[in-house]
Amino acid sequence: MAVDGTIVGSIGPGLAVLVGVADGDGPGDADALADKLAGLRIFNDDEGKMNLSVADVGGSALIVSQFTLLGDTRRGRRPSFVGAALPEMAAPLVERVVERIEGHGIAVATGSFGAMMQVSLVNDGPVTLVLDVVDGKVR
């Protein structure tokens with residue numbers, strides 16, 4: 001991940017996580033998301049079955065704050081971002097996700113909150129998931 005052409009975050013095999021913080025999200029939501037990410041069994045074992053977590057395979061996590069995930073396109077042709085948390089509320093929650101994942105023994109890289117970033121990834125597998133956290137529960 002680069003800001004103004006300078007690499008600010010990079011990982012090898014692991015998770016690329018785009019985190020959108022909604023107005024009303026809180027610490028419990030950040031904790032639930034981090035714990036779910038750390039424990040998701042989405043990496044293949046020796047038999048080719050998704051049985052291993054990112055920690056099990058020695059992977060890392062790249063956490064990218066992405067308010068545009070909260071874009072509401074139900075009306076008109078221009079997305080509305082009124083459901084996204086203000087930066088002063090979102091930044092600490094994204095940082096909490098980072099710290100909680102690190103607490104699971106997983107190395108984490110991040111970008112720069114609020115910066116225009118160029119993010120690139122190689123999707124090495126069939127898994128892309130949307131995790132929605134409501135009232136501290138992932139669904």
Side-chain angles (χ1 to χ4, degrees):
M1 175 174 5
V3 176
D4 295 327
T6 302
I7 301 293
V8 295
S10 177
I11 65 168
L15 302 173
V17 181
L18 305 178
V19 178
V21 179
D23 188 33
D25 284 349
D29 299 310
D31 292 349
L33 177 62
D35 293 346
K36 180 62 92 170
L37 289 167
L40 274 177
R41 295 173 23 193
I42 58 173
F43 293 89
N44 289 343
D45 62 15
D46 292 336
E47 297 175 10
K49 297 194 188 276
M50 291 194 308
N51 274 329
L52 303 175
S53 71
V54 66
D56 294 333
V57 300
S60 305
L62 178 67
I63 307 297
V64 181
S65 174
Q66 189 70 33
F67 81 94
T68 60
L69 292 172
L70 281 293
D72 184 349
T73 60
R74 291 177 289 182
R75 294 183 53 196
R77 293 182 290 178
R78 181 183 313 172
S80 170
F81 299 104
V82 298
L86 296 173
E88 56 269 18
M89 300 302 292
L93 292 178
V94 172
E95 184 57 33
R96 187 175 179 115
V97 170
V98 168
E99 291 170 358
R100 184 95 173 197
I101 291 174
E102 289 174 333
H104 286 278
I106 299 164
V108 176
T110 65
S112 298
F113 189 92
M116 292 292 290
M117 294 178 279
Q118 297 81 43
V119 180
S120 61
L121 67 97
V122 174
N123 192 357
D124 185 20
V127 180
T128 301
L129 302 171
V130 175
L131 304 180
D132 189 15
V133 182
V134 177
D135 296 327
K137 295 186 189 262
V138 180
R139 49 181 182 148

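A quick note: this is a predicted structure, and the numbers were derived from the prediction, not measured. Throughout, residue positions are numbered sequentially from 1 according to the sequence presented.
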Smallest separation among heavy atoms of S112 and M117, with atom names: N-SD, 3.4 Å
Minimum heavy-atom distance between A34 and I101, given as atom pair plus value: CB-CG1, 3.7 Å
How long is the span from the [atom1] atom in [X] to the [atom2] atom in [Y], to the nearest 0.5 Å?
X: L37; Y: L15; atom1: CG; atom2: CG; result: 6.5 Å
X: I11; Y: L121; atom1: CD1; atom2: CG; result: 9.0 Å
X: N44; Y: M50; atom1: CG; atom2: CE; result: 7.5 Å

Donor-acceptor contact below 3.5 Å, side chain D56 vs main chain S53: yes
Where at least one partner belongs to residues 33-47, residue pairs that pass salt bridge (Lys or Arg N to Asp or Glu O under 4.0 Å), sequence neighbours excluded: D35-R100
[X]: side-chain contact (heavy atoms from CB on, under 4.5 Å) partners, not counting sequence neighbours:
X: A85; answer: V21, M89, A90
X: P87; answer: F113
X: P79; answer: T73, F81

More than 12 heavy atoms of other groups within 6.0 Å of N123 CG: yes
Mind listing the side-chain donor-acceptor pairs of residues 57-71 below 3.5 Å, one per line with the distance, residues two or more places apart or on another chain?
| from | atom 1 | to | atom 2 | distance (Å) |
| --- | --- | --- | --- | --- |
| Q66 | NE2 | T68 | OG1 | 2.6 |

Can you give me every donor-acceptor pair (side chain of residues 125-138, partner residue at least two apart or in another chain, under 3.5 Å) with its distance?
| from | atom 1 | to | atom 2 | distance (Å) |
| --- | --- | --- | --- | --- |
| D132 | OD2 | R139 | NH2 | 3.4 |

Contact list for residues 75-94, test side-chain hydrogen bond (donor to acceptor under 3.5 Å, both in side chains), sequence neighbours left out: none
Any pair counted as ring-ring contact (aromatic ring centres under 6.0 Å, His included), so long as it reaches residues 116-139, sequence neighbours left out: none
Non-neighbouring partners of D72 that pass salt bridge (Lys or Arg N to Asp or Glu O under 4.0 Å), sequence neighbours left out: R74
